[in-house]
Amino acid sequence: FLLLADPGGGSNFDARPLLMGLDFAYPGSTTMGGLASVLQENHLFLDDAVHEGGCAGVALQGNLRVDAIVAQGCRPIGPTMTVTDSSGTFLAALDERPAVEVLVELFHELDTSDQKLLQRSLHLGVAATGLKSDLGPGDFLMRNVLQLDHEKGVISVGDLLRNGQTVQFHLRDPATAGDDLDAMLDRYRSEHPAVDPAGVLLFTCTGRGHRFFGAAGHDSGRVLERLGHIPISGFFCGGEIAPVGDSTYLHGYT
């Protein structure tokens with residue numbers, strides 16, 4: 001499924017229930033796409049109609065295969081931990097310790113450059129599955145760390161949390177994001193040596209553009225370098241739709 005969504009347009013469209021429904025109804029399928037990067041004056045074209053807000057989709061079927069390569073562009077810091085106290089988007093305790101205390105302790109263990117990075121580009125990686133013990137790149141969903149409330153002792157995260165989840169703090173920077181994309185593309189090439197792709201659809205976050213990498217066309221250029229000069233299309237998104245593990249998620253910065 002290819003989904004092009006506009007969360008604005010007066011409808012306040014939330015793509016997540018649709019993604020859960022498609023995963024349930026069509027297990028084993030691949031769902032990908034992106035959200036419009038501005039919230040006003042977008043238009044969705046479907047057949048001969050024009051829509052404002054919502055989602056337009058295409059179901060692809062037949063003798064084809066769609067492979068999803070998801071690069072989240074973060075590197076881990078500190079150990080993996082278990083959420084032991086949370087409420088909605090608020091994280092209160094990790095491994096039975098106050099979450100803010102854990103993060104402050106981790107901050108003091110980092111070098112100066114990573115300390116500065118933590119203050120502006122900190123993410124919480126949430127394990128996409130609880131069944132693996134050797135979690136690594138591609139096994140975590142990256143969620144923004146929005147705010148630290150020292151008075152209440154909680155960390156606000158850009159997603160709903162639940163007790164028992166495995167998490168790990170991550171940092172995002174241009175070098176890591178570039179290396180992660182290279183690694184994901186190289187791994188795909190090594191795992192599918194006989195595949196000759198017919199084309200690429202690239203949905204990349206507006207946060208990964210010229211201002212982040214210091215050069216235009218970073219992500220598309222890396223894709224073409226490693227997969228060959230094949231047709232490529234897509235757009236910069238305000239949220240990316242792609243699978244991690246067996247489920248489809250709404251991402252940021254991917």
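Since the structure is predicted, the reported quantities are computational estimates derived from the model, not experimental observations.
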- Message: What verdict does the side chain to side chain contact (heavy atoms under 4.5 Å, CB included) test give for N144 and Y253, after you've listed the backbone C-alpha separation in whole Å, the side-chain angles of each residue and the deciding distance to 0.1 Å?
- Response: CA-CA 10 Å; N144 287 347; Y253 303 108; 3.2 Å; yes
- Query: What distance separates L117 CG from Q115 CD, expressed to the nearest 0.5 Å?
  - Reply: 11.0 Å
- side chain to side chain contact (heavy atoms under 4.5 Å, CB included) partner of F169, the single match among I155, L118, T80: I155
- Here the pair of heavy atoms bringing L18 nearest to C55 is CD2-SG, 4.1 Å
- Report yes if the distance between the aromatic ring centroids of H51 and F45 is under 6.0 Å, otherwise no. no
- Taking only Lys NZ, Arg NE, NH1 and NH2, and the carboxylate oxygens of Asp or Glu, determine whether R75 and D173 approach each other closer than 4.0 Å. yes
- How far apart are the C-alpha atoms of T176 and D179, what are their side-chain angles, what is the distance that settles it, and do they pass the side-chain hydrogen bond (donor to acceptor under 3.5 Å, both in side chains) test? CA-CA 5 Å; T176 299; D179 290 344; 5.8 Å; no
- Task: Kindly compute the distance separating OG1 (T248) from CG (D23), expressed to the nearest 0.5 Å.
- Result: 3.5 Å
- Task: State yes or no: do L227 and M184 share one hydrophobic cluster built from I, L, V, M, F, W and Y residues joined by side-chain heavy-atom distances below 4.5 Å, directly or via other members?
- Result: yes
- Item | D111, CG: over 12 other non-hydrogen atoms inside 6.0 angstrom | yes
- Task: Check whether more than 12 heavy atoms from other residues, nucleotides or ligands sit under 6.0 Å from atom CZ of R16, and answer yes or no.
- Result: no
- Item | Heavy-atom side-chain proximity of L161 to V126 below 4.5 angstrom | yes
- Members other than F213 in its cluster, when Ile, Leu, Val, Met, Phe, Trp, Tyr link by side-chain heavy atoms under 4.5 Å? F212
- Verify the neighbour count for atom CD of E109: are there more than 12 heavy atoms of other residues, nucleotides or ligands below 6.0 Å? yes
- Task: Look up atom OG in S220 and atom CZ in R222, then write down how far apart they are to the nearest 0.5 Å.
- Result: 11.0 Å
- Minimal heavy-atom distance between G239 and L250, with the atoms involved, is C-CD1, 4.1 Å
- For the residue pair E240 and T204, establish whether any side-chain heavy-atom pair is separated by less than 4.5 Å. no
- Minimum-distance pair of heavy atoms, taken over all atoms of A5 and F13: CB-CE2, 3.9 Å
Indicate every side-chain donor-acceptor pair of residues 24-31 with a distance under 3.5 Å to a residue at least two apart or in another chain.
from : atom 1 : to  : atom 2 : distance (Å)
S29  : OG     : Y26 : O      : 2.7
T30  : OG1    : V66 : O      : 3.3

- Evaluate salt bridge (Lys or Arg N to Asp or Glu O under 4.0 Å) for R65 paired with D67, printing each intermediate quantity in order. CA-CA 6 Å; R65 188 177 78 195; D67 296 317; 3.1 Å; yes
- Message: Take a 6.0 Å sphere around CD of Q119 and say whether it holds more than 12 heavy atoms from other residues, nucleotides or ligands.
- Response: yes
- Task: Begin with the C-alpha distance, continue with both residues' side-chain angles, and end with the deciding distance and a verdict on side chain to side chain contact (heavy atoms under 4.5 Å, CB included) for R143 and Y249.
- Result: CA-CA 11 Å; R143 296 306 187 223; Y249 298 94; 4.1 Å; yes
- Task: Could you pull out all residues at least two apart from E52 that satisfy salt bridge (charged side-chain N to carboxylate O under 4.0 Å, His left out)?
- Result: none
Could you give the side-chain donor-acceptor pairs of residues 88-95 under 3.5 Å, partners two or more places apart or in another chain?
from : atom 1 : to  : atom 2 : distance (Å)
D95  : OD1    : T82 : N      : 2.9

- Those residues that, when tested against D219, pass salt bridge (charged side-chain N to carboxylate O under 4.0 Å, His left out) (two or more places apart): R208
- Message: Please enumerate all residues that pass salt bridge (charged side-chain N to carboxylate O under 4.0 Å, His left out) together with D85, with sequence neighbours excluded.
- Response: none
- Item | Criterion side chain to side chain contact (heavy atoms under 4.5 Å, CB included) against V167, the qualifying member of L141, V157, V83 | V83
- Task: Count the heavy atoms of every other residue, nucleotide or ligand shown that sit under 6.0 Å from CD of E191, and state whether that count exceeds 12.
- Result: yes
- Reported CG-to-CD distance for the pair L181 and E225, which is rounded to 0.5 angstrom: 9.5 Å
- Decide whether V145 and L106 are clustered together by the hydrophobic rule: side chain heavy atoms of Ile, Leu, Val, Met, Phe, Trp, Tyr closer than 4.5 Å, transitively. yes
- Query: Ignoring hydrogens and geometry, is there a side-chain-to-backbone donor-acceptor pair from Q72 to M142 under 3.5 Å?
  - Reply: yes
- Kindly indicate, with the supporting measurements, whether the criterion ring-ring contact (aromatic ring centres under 6.0 Å, His included) is fulfilled by F140 and H170. CA-CA 10 Å; F140 288 93; H170 286 70; 5.4 Å; yes
- Item | Path from L3 to F203 over hydrophobic side-chain contacts below 4.5 Å | no
- Message: Same cluster or not: L103 versus L124, using hydrophobic residues (I, L, V, M, F, W, Y) connected whenever any side-chain heavy atoms lie under 4.5 Å apart?
- Response: yes
- Task: Please confirm whether the backbone N or O of G238 pairs with a side-chain atom of S37, one donor and one acceptor, at under 3.5 Å?
- Result: no
- Distance-minimising heavy-atom pair for R162 and Q165: N-OE1, 3.0 Å
- Keeping the roles fixed (side chain from S190, backbone from R187), state whether a donor-acceptor pair exists under 3.5 Å. yes
- Note, M81 side chain near V102 side chain (heavy atom, < 4.5 Å): yes
- Message: Donor-acceptor check, side chain of D47 to backbone of A49, threshold 3.5 angstrom: yes or no?
- Response: no
- Task: Check whether any side-chain heavy atom of Y188 lies under 4.5 Å from a side-chain heavy atom of V195, and answer yes or no.
- Result: yes
- Item | Residues L171, C74; criterion side chain to side chain contact (heavy atoms under 4.5 Å, CB included); working and verdict | CA-CA 5 Å; L171 298 178; C74 292; over 6 Å; no
- Does a side-chain heavy-atom distance below 4.5 Å link H150 with V104? yes
- Task: Take I232 and L224, measure what side chain to side chain contact (heavy atoms under 4.5 Å, CB included) needs, and give me the verdict at the end.
- Result: CA-CA 8 Å; I232 183 169; L224 296 177; 4.2 Å; yes
- Item | Main-chain N/O of S86 paired to N163 side chain as donor or acceptor, under 3.5 Å | yes
- Query: What is the distance from atom OG1 of T206 to atom CG of L35, rounded to the nearest 0.5 Å?
  - Reply: 11.0 Å
- Over all heavy atoms of both residues, which pair between P197 and R189 is shortest? Give the atoms and the distance, please. CD-NH2, 3.7 Å
- Item | Minimum side-chain heavy-atom gap L122-R172 below 4.5 Å | no
- Quick check: does any side chain N or O of Q168 sit under 3.5 Å from a backbone N or O of G125, one acting as donor and the other as acceptor? no
